[in-house]
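Right, one structure below, let's go through it.
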Amino acid sequence: MPEELEHPASVPGGRRLSLQADCERCFGLCCVAPAFKASADFAIDKVAGHPCPHLQTDFRCDIHNRLRQRGFPGCAVYDCFGAGQKVAQVTFGGQDWRRTPRIAVQMFTVFTVMRQLHELLWYLTEALTLQPAHPLYAELGHALDETDLLTHNSPDALVGLDMTAHRREVNALLRHTSELVRAGAARSSEVDIIGKDLSDADLIGKDLRGADLRGANLRAASLIGADLRGADLRLADLIGADFRGADLSGADLTGSIFLTQSQLDAAKGNVDTKLPSAHTRPTHWQP
């Protein structure tokens, strides 16, 4: 841990543990609250607030070990960042929506809000580990503490939270963090694409084999089915980038920022794909 990380909230170890899903302490909220349409990600239609037919009475999924084979890769890559157990065990004190039906609608709404807050906590925690963002540590730490405080609000307060406004404020800080980190990449090379703003870009199915994307801004870029074999994504901002079906075989993602495990789980790759140390190689990737 660099000595510059002085703010108490910047020590990510224990905090990140609370941002990992613990399905044993949840009530299958991700299998009930969201809606999804029959597509390449889901085999069936499901409306919001209705349990998936594969959710059992003990809140376990009866096809959990066969999600991809049964047409539910979207479930296999979903990550609540620990929001499920927070809502189940903290916000609602261990009450579940089956035994206490009157809380069901509110619990599902709160879960949607909590998931967004926990995702922001994940990004803020990572931002506080990035040395180039040192000038922002105080602001980032304050934003992290403020967001964490919101997760302990009452159900009514969480339902009434202006999530759009809060996300806007946090995103401004994360963008500034990204600029500081990627500026170093832009200075270290003369390749034209470095530092290029590709945020929200439509790169679906694009042939990006061997592309030098160091320091590129790929925030919310659509990379569905893109060929990124051998691409250099070091220090690229990948927050919200859609990697579903993208081929990352042999790509270098070391040092990339705001990459989540679910993004990797949605992509394809192999043993030659270089990952940040905090991430694991998905088991479904080719050997």
Side-chain angles (χ1 to χ4, degrees), residues 12 16 19-20 40-41 67-68 73-79 81 119 122-123 125-127 129-133 174-175 177-287:
R16 275 220 168 158
L19 298 177
Q20 294 178 352
D41 295 313
L67 286 170
R68 293 181 186 278
C75 295
V77 305
Y78 183 82
D79 188 356
F81 298 97
E119 184 179 14
W122 177 273
Y123 293 134
T125 301
E126 177 171 336
T129 69
L130 302 172
Q131 197 281 329
L174 295 176
R175 286 181 186 278
T177 298
S178 172
E179 291 165 0
L180 292 175
V181 173
R182 292 184 295 109
R187 288 192 298 267
S188 66
S189 178
E190 298 177 355
V191 180
D192 289 341
I193 201 170
I194 289 180
K196 193 169 187 177
D197 187 358
L198 297 170
S199 59
D200 300 304
D202 181 358
L203 301 172
I204 296 174
K206 293 291 185 180
D207 185 350
L208 296 170
R209 284 175 294 177
D212 193 325
L213 296 166
R214 283 173 292 172
N217 180 5
L218 288 162
R219 295 171 64 97
S222 295
L223 289 152
I224 301 171
D227 190 344
L228 288 158
R229 287 176 291 174
D232 191 342
L233 291 156
R234 288 175 291 172
L235 293 178
D237 183 347
L238 303 178
I239 193 169
D242 192 340
F243 283 106
R244 283 178 293 168
D247 194 342
L248 295 170
S249 299
D252 190 349
L253 292 93
T254 54
S256 58
I257 59 175
F258 304 133
L259 173 70
T260 65
Q261 186 63 43
S262 61
Q263 286 173 297
L264 293 175
D265 291 341
K268 297 184 289 187
N270 63 7
V271 70
D272 295 321
T273 306
K274 298 178 181 177
L275 303 177
S277 58
H279 297 76
T280 58
R281 198 174 308 278
T283 56
H284 70 276
W285 281 13
Q286 293 295 318

Contacts of Asp202 meeting side chain to side chain contact (heavy atoms under 4.5 Å, CB included) (sequence neighbours excluded), chain-then-number -> Ile204

Look up atom OG1 in Thr273 and atom CZ in Arg281, then write down how far apart they are to the nearest 0.5 Å. 6.0 Å

In chain order, what residues pass the ring pair (Phe, Tyr, Trp, His ring centres under 6.0 Å) check against Phe258, with sequence neighbours excluded? Tyr123

Rounded to the nearest 0.5 Å, the CG atom of Asp41 sits from the OH atom of Tyr78 at a distance of 13.5 Å

Exercise: identify the closest heavy-atom pair between Asp197 and Ser199: OD1-OG, 2.7 Å

Give me the atom names and distance for the closest heavy-atom approach of Ala133 to Ala127. CB-O, 3.9 Å

Contacts of Asp252 meeting salt bridge (Lys or Arg N to Asp or Glu O under 4.0 Å) (sequence neighbours excluded), chain-then-number -> Arg234

Could you report the tightest heavy-atom contact between Thr260 and Gln263, atom names first, then the distance? N-OE1, 2.8 Å

Decide yes or no for Leu233 and Leu248: does some side-chain heavy atom of the first lie under 4.5 Å from some side-chain heavy atom of the second? yes

What distance do Leu130 atom CG and Leu180 atom CG have between them, rounded to the nearest 0.5 Å? 10.0 Å

Would you say the side chain of Lys268 lies within less than 4.5 Å of the side chain of Pro282, judging by non-hydrogen atoms? no

I want to check something: taking the side chain as every heavy atom from C-beta on, are Trp285 and Asn270 in contact at a cut-off of under 4.5 Å? no

How far does CZ of Arg182 sit from OG1 of Thr177, to the nearest 0.5 angstrom? 11.0 Å

Any donor and acceptor pair, going by atom type alone, linking the side chain of Gln261 with main-chain N or O of Thr280 inside 3.5 Å? yes

Applying side chain to side chain donor-acceptor pair (under 3.5 Å), name anything that partners Ser256, two or more places apart in sequence or on another chain. none

Asp237 side chain to Ser178 side chain, donor-acceptor N/O pair below 3.5 angstrom: yes

How would you list, by chain and number, every residue that makes a side chain to side chain contact (heavy atoms under 4.5 Å, CB included) with Arg175, sequence neighbours excluded? Arg219

Can you tell me how far the OG1 atom of Thr254 sits from the CG atom of Leu275, to the nearest 0.5 Å? 9.0 Å

Is the shortest heavy-atom distance from the side chain of Arg68 to the side chain of Val77 under 4.5 Å? yes

Counting C-beta onward and ignoring hydrogens, is there a side-chain heavy-atom pair between Trp122 and Asp79 closer than 4.5 Å? no

Between NZ of Lys196 and CZ of Arg214, what distance do you get to the nearest 0.5 Å? 15.0 Å

Any salt bridge (charged side-chain N to carboxylate O under 4.0 Å, His left out) involving residues 256-267? Give me the pairs, sequence neighbours left out, ordered by first then second residue. none

Work out which heavy atom in Ala236 is nearest to a heavy atom in Leu213; give both atom names and the distance. CB-O, 3.7 Å

Could you tell me whether the side chain of Ser249 reaches within less than 4.5 Å of the side chain of Asp272, counting heavy atoms only? no

